[in-house]
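Quick note on labels: first sequence line is chain A, next is B, and so on, each numbered from 1.
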Amino acid sequence: MSEIIIEGRCWVLVDKDGFLIEDIDTDQIYHNAYLHLTDRKLMGQYALGNLEGWQDFAQKARPGDIVVAGRNFGAGSSRQQAVDCFLALGIAAIVAPSFGAIYFRNAVNSALPVIRWAQVDEWIRGNNLKSSDRLQLKLATGQGRNVNRNLDFCFTPFSGVQLAIIQAGGLFNYAHQLER
Amino acid sequence: MSLTIIEKIISNHSGQQVKPGEIVWMNLDLVSARDFGGPNVVKHYRREYDDARVFDASRVVFTFDLCVPACTLKYADNQQVCREFARQQGFRVFDVDQGIGSHVMIEQGLAGPGKTVVGTDSHLNILGAVGCFGQGMGDVDITFSFRTGRTWFEVPSTVMVQVKGQPSTLATPKDLTLFLCKSLGTKKVALKAVEFYGEAVRALSLDGRITLCSMVTEMAGIVGFVPELNEAVQAKMMALPCFDLKNWIASDQGAQYDEIIEVDVSGLGPQVAVPYLPHQVRDIEEVQGTKIDTGFIGSCTNGRGEDFRQAAQILKGQKIKEGVTLKCVPATRQVYRQLLEEGILESLINSGAIVSNPGCGGCAEGHVGLTGEGEVQISTGNRNFYGKQGKGKTYLASPAVVAASCLAGEIISPEEI
Ligand code: SF4
């Protein structure tokens with residue numbers, strides 16, 4: 001299967017003391033006050049709208065950007081909007097040491113690459129990664145690169161059906177491809 | 001090769017012997033959706049598959065439990081959308097009168113040992129209590145499974161939790177569960193399957209096992225199993241429809257565990273989770289005396305017969321403190337009927353409690369009461385996140401502690417009553 005390469009500017013979700021924020025739950029990503037929205041285009045403006053210090057994320061983010069967060073990103077409810085709001089903004093990938101199980105599936109099924117990179121925290125503490133650095137991510141081999149600092153790292157690659165779903169543009173497209 | 005329980009179940013449903021980390025297609029014995037998530041499933045389904053039939057109408061169900069009967073127009077509409085779809089497709093709806101979906105599945109024999117079930121309920125892993133692999137998923141996943149009867153799954157590794165020691169006689173299954181939540185936090189078993197061993201968990205009744213397995217979600221685990229049975233549990237399980245103990249799955253000698261964690265529960269007493277995290281758990285002595293406004297007994301964690309019997313035993317017909325309200329919501333219609341026959345509901349009502357029809361009740365923003373700003377609630381539910389049941393503060397505890405606290409008007413250990 002062919003490689004998917006993503007490159008973009010990153011936003012490192014840190015708190016006011018500079019620590020990577022862990023356990024960001026689906027309510028902080030997409031508040032339940034907007035769950036009634038069904039049009040994905042309208043969801044972007046609320047992305048991270050409930051995360052302290054990051055309420056203005058939707059205004060700052062540009063299509064192609066990459067979000068970097070702490071462990072257990074997307075814990076909590078199964079709401080799909082917490083994935084769709086990033087897709088609406090054109091976010092290219094989300095990177096974290098780990099994700100909530102349901103969130104991870106929802107993201108893969110909507111073809112939003114959710115990158116599991118165990119050492120993110122060390123890279124941030126060692127100053128090897130900052131907001132606005134450009135990251136390059138090769139999904140099938142798990143090779144990552146901080147382009148600004150010329151440093152390489154490894155993350156958990158995507159394989160098999162996960163990669164195929166992302167490549168197809170989501171679970172439904174993937175399934176229709178199989179039928180064809 | 002030696003396998004753990006989850007590895008065996010997924011192997012049996014994927015036609016290959018699996019290893020942790022592998023991503024496989026898994027066949028499903030049951031696919032469900034509830035009144036939350038269900039309407040989106042219908043919407044996606046119609047858009048993607050038009051009026052194509054679901055994979056097997058005898059293995060697809062809707063369960064309505066969050067807002068039953070609907071108390072908002074939104075839920076009423078959503079439930080009706082689901083009903084009409086189910087009629088058109090010819091599959092079953094466990095409607096607003098039936099109770100919490102996961103519990104109904106156990107009682108009706110839809111979920112049993114060795115089976116695989118998915119649905120839009122993030123606590124569906126509660127089915128681990130009967131040896132079944134249940135898993136909550138988003139509406140895109142469930143739509144796909146409605147049509148195909150399959151789902152992709154990354155095989156989790158397994159952690160063995162050895163529970164050592166004998167808790168005090170005051171400890172109920174909920175106290176054990178809260179203590180395990182505290183000990184395991186959200187990191188130790190995150191994204192893993194858990195097998196609980198040790199005398200204190202082997203001794204648990206079926207209702208107690210349901211309590212424990214329901215909170216594996218709060219530990220961030222994929223699913224929890226209690227592999228060792230006792231006689232009473234066996235008898236209880238064999239009385240369930242379609243329940244075949246021959247399908248009970250144990251792990252193999254020499255199976256590979258990611259880690260073995262020991263937790264000592266010697267002398268454990270009543271436990272309380274303080275706002276706003278389920279694993280922020282304290283010995284009751286540390287929060288004793290906290291004034292409360294409301295109590296809630298119910299939810300998929302503590303809405304079984306045993307839970308209400310426990311509460312009734314503490315209340316013994318005494319009146320709950322003036323100014324305090326106690327909301328009681330049996331998990332299912334079956335539990336409700338049983339409690340009615342035993343006279344438990346009458347005794348709860350005589351104590352001044354509200355008894356409502358079965359469902360999720362006061363656990364989510366459901367049909368039985370929210371908390372207002374500044375209100376303090378003590379609940380037998382599983383989550384006390386900010387805003388989950390309104391603007392108030394929620395403490396989590398056992399039915400016995402909730403009952404005692406409602407008598408006293410403040411958090412108190414049942415032994416003080
Ligand atoms: S009782 Fe609460 S946690 Fe359990 S299924 Fe209902 S809403 Fe979810």
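Each of B:G138, B:G136, B:G387 has some count of heavy-atom pairs under 4.5 Å with chain A, and the biggest count is that of B:G138. When the candidates A:L171, A:V161, A:I102, A:I165 are compared by the number of heavy-atom contacts under 4.5 Å with chain B, A:L171 comes out ahead.
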Just list the donor-acceptor pairs under 3.5 angstrom between chain A and chain B, please.
from   : atom 1 : to     : atom 2 : distance (Å)
A:R71  : NH2    : B:T186 : O      : 3.2
A:R105 : NE     : B:D141 : OD2    : 2.8
A:R105 : NH1    : B:W152 : O      : 2.7
A:R105 : NH2    : B:D141 : OD1    : 3.1
A:R105 : NH2    : B:T151 : OG1    : 2.8
A:R105 : NH2    : B:W152 : O      : 2.7
A:N109 : OD1    : B:W152 : NE1    : 2.9
A:N109 : ND2    : B:D141 : OD1    : 2.8
A:N109 : ND2    : B:D141 : OD2    : 2.9
A:R116 : NH1    : B:E154 : OE2    : 3.3
A:R116 : NH2    : B:E154 : OE1    : 3.4
A:R116 : NH2    : B:E154 : OE2    : 3.4
A:Q162 : NE2    : B:E154 : OE1    : 2.9
A:H176 : NE2    : B:E48  : OE1    : 2.6

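Counting only residues at least two apart or in different chains, salt bridge (charged side-chain N to carboxylate O under 4.0 Å, His left out) contacts with residues 148-167 of chain A comprise A:D133-A:R149, A:R145-A:D152.
In this structure, no portion of A:V83 lies under 4.5 Å from any heavy atom of chain B.
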